[in-house]
Amino acid sequence: MVAYGYEKLGKPKPEGKPDQFIGKIYTVTSCLVEINRLKRELERARTVSADEEIAKINRDLDEWMSVAAELKQKFPALFEELLERIGEEENPEDSVNKLNRAYEEGDEAAKKLIREVSELCLDGFRETLGRIGVSYDSWDWESDFVWSNQVASVLNKLKKSPYLFVEGGVLEFDAEKVIRELGLRQRLGLRENYEVPPLTLVRADGTTLYTTRDIAYTLWKFEKAEKLINVIGMEQNLAQLQLKIALHALGCDRQADNLVHFAYNLVSLPGYKMSSRRGHFIAFDEVMDEAVKRAFEEVSKRSPQLPEKEKQHIADFVGIGAVRYALIEVDTSKPVVFTWDRVLNFEKNSAPYIQYTHARACSIMRKANRKPEKPAFGLLKEKLEHEIVLALASFPDTFIEAAEYLKPNLIAEYANALSDKFNTFYNAFPVIKAEPKELSDARLALTDSVHIVLRNALDLIGIVAPEKM
RNA sequence: GGGCCCGUAGCCUAGCACGGAUUAAGGCGUCGGCCUUCGGAGCCGAAGGUCAAGGGUUCAAAUCCCUUCGGGCCCGCCA
């Protein structure tokens, strides 16, 4: 869809961030194509069908017209240009489909065009993710699996099974039949009376669908790994289930059992949901920009004496850290309504709080300027000291649990709780000046341990552990 | 119509997989203290809850089962 719009515009050079530039084209193009489609649908419906359907189409059309009005106001030049170019076409939807078909068939021009647009988007994604310290070891092209015939090979195997049927020229996968014949209902944790709907594998024009390609992709990934964790939104629950059933149908039970769908819930905006097709979203770049901006204000307020450059440096890791913490802190299954307040916390139960605690421990070590030479740990008699020791000792268990149950929030929670304990300790007892020296040394060792464990915990969730801030 | 996820103080969340040491735990916000000590992005304290509602199982339920309500998602020749 977006490649279609991009080509109509004559493959313009991106202005600004490439993914955002392409994003605008996508939003406007998809809106115009949708309106065109609905209008044709409406004409067709008028000649044949009932009032009910006409009313439904009219409602959809109204909604998209208002989206169009919004987009026209936001990006007037782009909107006008695309409206004109797409307007020349009788059936833009058809052109999009044609392009898609050409791409799957390996047509050189289509390949070049679509890969070009995709690369532009990916460059933008990589830039954004780089800002928050995320990078990927490798990237794969779904289309490679089509061109290399891996998708065709999967389809051939499935065709030999009794689980495919053709309806209206479309190849369908009968997931329900697989469950019944292989007795998978319990294994998959499904209710007795729940019928899994069929999955369309191949369109009438011979092109494949996303989940079809995902079957081949998944099997390929299993050649490289024992366990697979697909991090995909929960709106894909059914598709992921069908994918797993398809693996069973292919006789790949081990792979199916080791395939985990790690579903996360959607983020919505107060009042409406995010939708890139409708241009309703907050870009992650914006979130980070705002976080760093607010962090800078905080730094300026708290440490006005620092040079500007130092403030900016601190604001960067504090702002980005706050965003990472906010994202990781909440269980992924919860529906989240986005508000700035929820992301930008600089007090307790936040990345900055833990970072501050870490810096504070480092500061004590700096100031002491000695190694704990003769620590007498038996002198650590305070209840709080015992609690800190126990908390430190439980870190490996927390790590294992977090990894085992895919709950990174446990690491954040742990670091926050350890910070609480250390800050209380810090406030109640002297470290450097404690008497006798053996006690001071023991407390220094404790402080050093807290610093190390906090650093490790922060590392795990990708948050900078600063020595000063 | 069917399926899945979520519902814990004004707000945001932990605990739920493995029911019991939980008098239901934190944070934000509110109110009151700490400002002579190693970094105040801190520390101490207070108020605030029928764990959505109703049934059931159990010696024991926020946790397990059923029903209802509220919010979200899915049931596409989209991805």
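None of these values were measured; they are calculated from a predicted model. In what follows, chains are A, B, ... by sequence order, proteins preceding strands, each numbered from 1.
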Sugar-phosphate, base or nothing in reach of A:Phe346, heavy atoms under 4.0 Å: base
Touch class at under 4.0 angstrom, heavy-atom based, for A:Leu344 against every strand present: nothing
Out of B:A14, B:G72, B:C44, whichever nucleotide has its closest atom nearest the side chain of A:Met234: B:G72
Rounded distance (Å) that lies between atom C1' of B:C73 and atom CD1 of A:Ile232: 15 Å
Sugar-phosphate, base or nothing in reach of A:Met469, heavy atoms under 4.0 Å: base
Any A:Arg360 side-chain nitrogen or oxygen under 4.0 Å from OP1 or OP2 of B:G40: yes
Side-chain-base donor-acceptor pair under 3.5 Å for A:Glu401 and B:A17: yes
Distance, rounded to the nearest Å, where A:Asn193 contributes CG and B:G1 contributes C1': 13 Å
Pair A:Thr207, A:Glu104: side-chain N/O donor-acceptor within cut-off below 3.5 Å: no
Closest nucleotide among B:C78, B:G39, B:C6 to the A:Lys334 side chain: B:C6
Sugar-phosphate only, base, or nothing, as touched by A:Val202 at under 4.0 Å among non-hydrogen atoms: nothing
Atom pair distance, as rounded to whole Å: CZ in A:Phe425 and C1' in B:C43: 14 Å
Beyond-backbone contact of A:Ile179 with A:Glu195, side-chain heavy atoms, under 4.5 angstrom: no
Nearest to side-chain heavy atoms of A:Glu172, which nucleotide of B:A14, B:C77, B:G29: B:C77
Separation of the P atoms in B:G49 and B:C11, to the nearest angstrom: 12 Å
Length of the CG-P vector between A:Leu199 and B:A79, whole Å: 11 Å
Check: A:Tyr194 side chain, B:C74 base, donor-acceptor under 3.5 Å: no
Whole-Å distance separating the CD atom of A:Glu195 from the P atom of B:G1: 18 Å
Whole-Å distance separating the CD atom of A:Gln236 from the P atom of B:A79: 10 Å
Stem regions touching RNA chain B, defined by at least 3 consecutive Watson-Crick or wobble G-U pairs below 3.5 angstrom: B:1-7 with B:69-75, B:10-13 with B:25-28, B:30-34 with B:42-46, B:52-56 with B:64-68
B:G19 and B:C64, which share atom name C1', separated by this distance in whole Å: 7 Å
Nearest-nucleotide pick for A:Leu266, side chain only, options being B:C77, B:C73, B:C38: B:C73
Phosphate contact (B:G27 OP1 or OP2) by A:Arg342 side-chain N/O below 4.0 Å: no
Proximity to the side chain of A:Asn427 - top-ranked nucleotide from B:G71, B:G42, B:C38: B:G42
Sugar-phosphate, base or nothing in reach of A:Gln240, heavy atoms under 4.0 Å: nothing
Salt bridge (Lys or Arg N to Asp or Glu O under 4.0 Å) partners for A:Lys468, two or more places apart: none
Residue-phosphate contact under 4.0 Å: A:Lys407 side-chain N/O, B:G15 OP1/OP2: yes
Exceeds 12 heavy-atom contacts within 6.0 angstrom, atom CZ of A:Phe377: yes
